[in-house]
Amino acid sequence: MTAPPYGPALDLVTRVRGVRGAMLVSGDDGIVVAEQLMEGIKGSAVAALASSLAARLRRAMEAAGVGASLFWHLQCDQGGLLVVPAPSGVLIVAVAEPDVNVGLVRLELLRAAEAVG
Amino acid sequence: MADEIKTLSSQLAQDPDSLVFLRLGELLRLKGQFDAAHRVALTGLERHPHLADAHDLYARILADKRDYERAFDEWDMTLRIAPNHVGALKGLAFLYFKVGDVGQAVAHLEAARLHAPDDPGVAQALALAQGGGSGPARAAAAAAEELAPPAAAAAPLEESRVFAGLEGAQEGLLLLDAKGQVLGGALKEPHGRDVTEAVAAYLAGVSHEAGRTAKLLGLGRWTGVAAEGQHGHVHLTPPAGDALLLVVRDRAVPMGRLAIIAQRAAGAARRWLEQQA
């Protein structure tokens with residue numbers, strides 16, 4: 001479990017039904033800043049991959065002229081990874097089950113990003 | 001051409017949702033079989049009512065049949081769906097020339113030139129309309145001749161185009177391989193600059209990483225990445241193997257609709273990749 005001040009921000013996300021865990025990840029180097037994950041999820045590996053994917057997406061989206069990424073969702077057969085970059089560059093990451101309310105997770109991720117700054 | 005018509009007819013019979021109706025309708029039109037082309041286009045439109053190229057095809061057939069009023073409506077509809085559709089801009093220019101409204105015709109041609117600067121038909125029609133050496137009326141008539149739909153078939157749907165017939169095929173759809181090499185489609189940023197190669201390069205490896213992430217989390221197969229940007233939305237899909245399909249639209253297109261567009265484009269990409277194999 002994570003010590004304050006990041007706990008409340010992650011709580012916003014993990015309290016949504018169908019969310020298996022949430023993390024704050026340094027966007028620059030993919031290191032876990034804070035996490036609340038269910039057992040069995042390899043936080044550091046997921047963080048590294050999420051950060052790498054985020055960087056590729058950011059560069060591609062900027063090149064395509066659609067501006068910086070505000071939210072992205074990796075959709076999979078059995079769930080998904082939902083990510084919002086905070087203004088500081090920290091990524092707020094949620095691991096979700098397939099039937100999760102994506103709209104609600106997105107809102108809570110945005111609120112968490114605001115709280116993290 | 002007859003063989004091709006036969007093949008396409010059989011493909012369409014096997015898969016009525018297929019976009020081959022666009023090519024088939026165009027071939028029938030070029031062959032002068034307007035009634036058959038009309039039927040094919042109308043059936044296609046019923047199945048793909050939001051497909052800009054389907055409305056464009058139908059408009060050209062109507063123009064061939066000299067039903068200019070309905071052709072105008074169809075080209076107008078095409079532009080509502082795809083505001084930069086060059087075929088529709090040329091078609092409307094042709095109709096405006098027909099009724100003698102040279103100003104509107106030239107405005108549409110200029111818009112077409114903006115999005116298809118290398119289109120010789122547009123350049124020539126503009127030169128004729130603006131030249132007016134033999135009088136504006138004759139110049140307009142010559143320009144209309146230049147743009148007349150049978151000549152407009154100068155832009156037939158090529159089978160080699162992955163996304164032939166899909167909205168945004170030349171500006172918002174991109175198919176690439178795992179190494180970031182472009183397989184088809186094109187991408188333009190909002191100011192019209194071609195950014196195909198740059199975006200493709202940045203997306204190299206995304207398919208692999210998305211797959212690894214999904215595996216690591218025990219989430220099964222990855223099916224897409226939907227991303228929201230400040231000025232637009234993007235959707236990435238793996239249509240087959242390591243290939244990656246990117247769809248980009250402005251923020252006015254909701255994410256859910258973008259997913260549907262991506263699904264349709266992925267189907268086209270899959271068929272095309274299978275043909276190449």
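In what follows, chains are A, B, ... by sequence order, proteins preceding strands, each numbered from 1.
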(message) For A:A63 versus B:A198, what's the shortest heavy-atom pair and its separation?
(response) CB-CB, 4.5 Å

(request) Select, from B:L174, B:V225, B:D250, B:V195, the one with the greatest count of heavy-atom pairs under 4.5 Å involving chain A. (result) B:V225

(request) Hey, could you give me the CD/CG distance between B:E209 and A:L57, rounded to the nearest 0.5 Å? (result) 9.5 Å

(message) Heavy-atom cut-off 4.5 Å, strictly under: side chain, backbone, both or neither for A:V46 against chain B?
(response) both

(request) Please flag which part of B:L236 lies under 4.5 Å from any non-hydrogen atom of chain A: side chain, backbone, both or neither. (result) side chain

(request) Measure A:R20 against the heavy atoms of chain B and call it side chain, backbone, both or neither at under 4.5 Å. (result) side chain

Atom pairs and distances, donor-acceptor, side-chain atoms in residues 21-31 of chain A, under 3.5 Å, two or more places apart:
| residue | atom | partner | partner atom | Å |
| --- | --- | --- | --- | --- |
| A:S26 | OG | A:D29 | OD1 | 2.6 |
| A:D29 | OD1 | A:I31 | N | 3.3 |

(request) Considering only heavy atoms and a distance below 4.5 Å, find which of B:E228, B:H231, B:H233 pairs most often with chain A. (result) B:E228

(request) Identify the heavy atoms of B:L187 and A:A64 that sit nearest to each other, and give their distance. (result) CD2-CB, 4.1 Å

(message) How long is the straight-line distance from CD of B:Q230 back to CE of A:M61, given to the nearest 0.5 Å?
(response) 8.5 Å

(request) Taking atom CZ of B:R80 as the centre, report whether more than 12 heavy atoms of other residues, nucleotides or ligands fall under 6.0 Å from it. (result) no

(request) Specify which of A:E62, A:Q75, A:E97 makes the most heavy-atom pairs with chain B at under 4.5 Å. (result) A:Q75

(message) Report which part of A:L70 has an atom under 4.5 Å of a heavy atom belonging to chain B: side chain, backbone, both, or neither.
(response) both

(request) Identify which of A:S69, A:A60, A:A45, A:G79 forms the greatest number of heavy-atom pairs closer than 4.5 Å to chain B. (result) A:A60

(message) Check this for me: A:R56, atom CZ, are more than 12 non-hydrogen atoms of other residues, nucleotides or ligands nearer than 6.0 Å?
(response) yes

(message) Using a 4.5 angstrom heavy-atom cutoff, name the option from A:C76, A:G65, A:A50 with the most pairs to chain B.
(response) A:C76

(request) Count the heavy-atom pairs under 4.5 Å between each of B:A226, B:A204, B:A214 and chain A, then report the option with the highest count. (result) B:A226

(message) Is B:V248 close to chain A through its backbone or its side chain, or both, or neither, when contacts mean heavy atoms under 4.5 Å?
(response) side chain

(message) If we define contacts as heavy-atom pairs under 4.5 Å, which of B:L246, B:V199, B:L203, B:V234 has the most with chain A?
(response) B:V199

(request) Select one option (side chain, backbone, both, neither) describing which atoms of B:H208 are under 4.5 Å from chain A's heavy atoms. (result) neither

(request) Output the distance between atom NE2 (A:H73) and atom CE (B:M255), rounded to the nearest 0.5 Å. (result) 9.5 Å

(request) Please check if atom CD in B:Q263 has more than 12 non-hydrogen atoms from other residues, nucleotides or ligands closer than 6.0 Å. (result) no

(request) Name the member of A:A48, A:A68, A:S52, A:G40 that forms the most heavy-atom pairs with chain B at distances under 4.5 Å. (result) A:A68

(request) Check whether A:A96 gets within reach of chain B through its side chain, its backbone, both or neither, counting any heavy atom under 4.5 Å. (result) backbone

(request) For chain A, find its close neighbours in residues 217-224 of chain B: heavy-atom separation under 4.5 Å, sorted by number, or none. (result) B:L217, B:G218, B:L219, B:G220, B:R221, B:W222, B:T223, B:G224

